[in-house]
Amino acid sequence: MPELPEVETIVRGLAPRLKGAKIGRIRVLFPPLLRRTSGPALRELEGKRILGTGRRGKLALIRCEGGRTLVFHLKMTGQFLFARRGALPDKHTRLVIPLSGTGGDLHFRDIRKFGFMCFLGPASPSPEIDGLGPEPLGIGRGDFAEILESRRGAVKSLLLDQRAIAGIGNIYADEMLFRAGIHPLTRGSSLGEDRAKVLWRSMRAVLREAIARKGSSIRDYAGPDGEPGGFQERHRVYGREGEKCLRCGSPIRRIRVGGRSSFFCPRCQRPV
DNA sequence: ATATGCACCTGTGTGC
DNA sequence: TGCACACAGGTGCATA
């Protein structure tokens, strides 16, 4: 479900209520949630305070006392919800973190069970984090152009490759390619300096606007307070197959790129 | 290196 | 409270 703008919205929404709260006895309702964890025992967290939240790529981070960090990947359907203390978790809730000092519990739900959580100690290695490419809102034009230049595959696949750039998913890849006027199958190495620069600008513009609008809610995404995003109203190609391009009127097309649905305007995004 | 297809799961929408 | 199938904001792996 969530890409960078959604995860950013989520961790920002979590911060005010999590910051300073003390962690109680964590309940893991779906043990495979921890399948990627080899760090210190979760019990160590009991009684520790939460210092704040953060994000790296699509990973949501909850930073705790003692250099301990909870790392969540929400994959397609993961979400956080604030619940009343002791509220009965529903069938899709995989983890309950009681928060003393706030009078409530934090629930992690995940319908499809793809998501995972890692528990990192002060010096725990984290392949999930270390393997990520640079942040799209942190990388400069030049470095971005170099990444594009180094790849012979479809630029759409490159944008989705988290080791190349971290945080972009299917919606935002399509949206930034449309705004840059680039066909999703264009080879990274054939873009050239000028179009690399245009894509860099489009990437920043799309992600920034999406964050400002609190992400895209097209099926079931909502923030921890249940607030949906509004960026879906601004989608110009994603999910619009057959509808008119808002710029030129041509019907939006859908093709498969790297196994993912890819929406584009055949006239505004000409193949090279 | 790059591409493809499947696997991991559950739910929803569509067409028959 | 029919049934089959396609598809979904994401990876990870095995195979060409």
Side-chain angles (χ1 to χ4, degrees), chain A residues 1-11 29-36 55-60 71-80 90-94 108-118 126-133 136 147-177 184-190 206-207 209-211 213-223 227-242 254-263:
Chain A
M1 171 181 15
E3 307 181 30
L4 187 155
E6 289 76 28
V7 179
E8 183 64 30
T9 302
I10 287 166
V11 298
L29 307 181
F30 179 67
L33 176 67
L34 296 170
R35 61 193 176 278
R36 309 268 289 259
R55 178 192 60 75
R56 179 73 175 87
K58 296 173 191 171
L59 298 173
V71 180
F72 289 85
H73 198 311
L74 281 50
K75 289 290 179 83
M76 296 289 270
T77 54
Q79 61 179 182
F80 290 103
D90 80 344
K91 63 185 287 202
H92 300 306
T93 301
R94 313 301 178 197
F108 177 72
R109 300 177 74 243
D110 182 15
I111 292 174
R112 291 176 74 179
K113 302 176 176 173
F114 290 168
F116 62 83
M117 184 188 84
C118 299
S126 176
E128 351 284 337
I129 294 179
D130 296 341
L132 294 176
I147 293 172
L148 293 174
E149 181 64 35
S150 69
R151 300 289 200 109
R152 314 217 67 245
V155 61
K156 166 80 187 273
S157 301
L158 161 72
L159 291 172
L160 293 179
D161 183 349
Q162 304 299 299
R163 291 162 311 187
I165 317 175
I168 298 169
N170 209 29
I171 292 179
Y172 298 104
D174 281 0
E175 292 298 317
M176 61 186 68
L177 285 171
L185 287 175
T186 312
R187 301 192 175 280
S189 53
S190 70
V206 165
L207 294 177
E209 193 191 340
I211 291 170
R213 292 176 184 273
K214 301 179 187 293
S216 302
S217 292
I218 60 185
R219 246 169 302 277
D220 43 18
Y221 164 74
E227 190 187 8
F231 192 72
Q232 64 282 0
E233 318 266 342
R234 313 289 288 194
H235 291 177
R236 302 199 195 166
V237 286
Y238 186 84
R240 298 192 63 241
E241 184 184 19
R254 168 160 70 154
I255 58 174
R256 291 248 156 215
V257 180
R260 312 294 303 280
S261 275
S262 300
F263 301 88

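Just so we're on the same page: letters track the sequence lines, and every chain starts at 1.
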Starting at the 5' end of DNA chain C, write a dot or bracket for each base, bracketing those in Watson-Crick or G-U wobble pairs whose two distances are under 3.5 Å and using | for partners on another strand. .|||||||.|||||||
Residue list, salt bridge (Lys or Arg N to Asp or Glu O under 4.0 Å) with R55(A), at least two apart or on another chain: E8(A), E135(A)
Remember a base hit wins even if backbone is also touched, and classify I218(A) as base, sugar-phosphate or nothing at under 4.0 Å, heavy atoms. base
Which residues pass the ring pair (Phe, Tyr, Trp, His ring centres under 6.0 Å) test with Y221(A), sequence neighbours left out? none
When rounded to the nearest Å, what value does the distance between C1' atoms of dG2(C) and dC9(B) take? 23 Å
Those residues that, when tested against D130(A), pass salt bridge (Lys or Arg N to Asp or Glu O under 4.0 Å) (two or more places apart): none
Side-chain donor-acceptor pair present, T77(A), R112(A), cut-off under 3.5 Å: no
Show every ring pair (Phe, Tyr, Trp, His ring centres under 6.0 Å) that has at least one partner inside residues 152-177 of chain A, sequence neighbours left out. Y172(A)-F231(A)
With R236(A), which residues qualify under salt bridge (Lys or Arg N to Asp or Glu O under 4.0 Å), at least two apart? none
Using 4.0 Å as the upper bound for N to carboxylate O, is an ion pair formed by D90(A) and R109(A)? yes
Encode nucleotides 10-16 of chain C as B, S and - characters from 5' to 3', where the letter depends on protein heavy atoms closer than 4.0 Å: B to the base, S only to sugar-phosphate, - to neither. BBS----
What interatomic distance, in whole Å, is found between C1' of dG10(C) and the corresponding atom of dA1(B)? 22 Å
What residues form a salt bridge (Lys or Arg N to Asp or Glu O under 4.0 Å) with K58(A), not counting sequence neighbours? none
Contacts of type ring pair (Phe, Tyr, Trp, His ring centres under 6.0 Å), residue F80(A), not counting sequence neighbours: F72(A), F108(A)
Opening and closing nucleotides of DNA chain B in contact with chain A, under 4.0 Å to non-hydrogen atoms: dT2(B) to dG11(B)
Quick one: side-chain contact (heavy atoms from CB on, under 4.5 Å) partners of S150(A), sequence neighbours excluded? none
Looking at residues at least two apart in the chain, or sitting in another chain, which of them share a side-chain contact (heavy atoms from CB on, under 4.5 Å) with S157(A)? A154(A), V257(A)
Answer with base, sugar-phosphate or nothing: what part of the nucleic acid does G153(A) contact at a heavy-atom distance below 4.0 Å? sugar-phosphate
Closer than 4.0 Å, any side-chain N/O of S261(A) to the OP1 or OP2 of dC7(C)? no
Answer with base, sugar-phosphate or nothing: what part of the nucleic acid does R256(A) contact at a heavy-atom distance below 4.0 Å? sugar-phosphate
Indicate, with a heavy-atom threshold strictly under 4.0 Å, whether R163(A) touches base, sugar-phosphate, or nothing. nothing
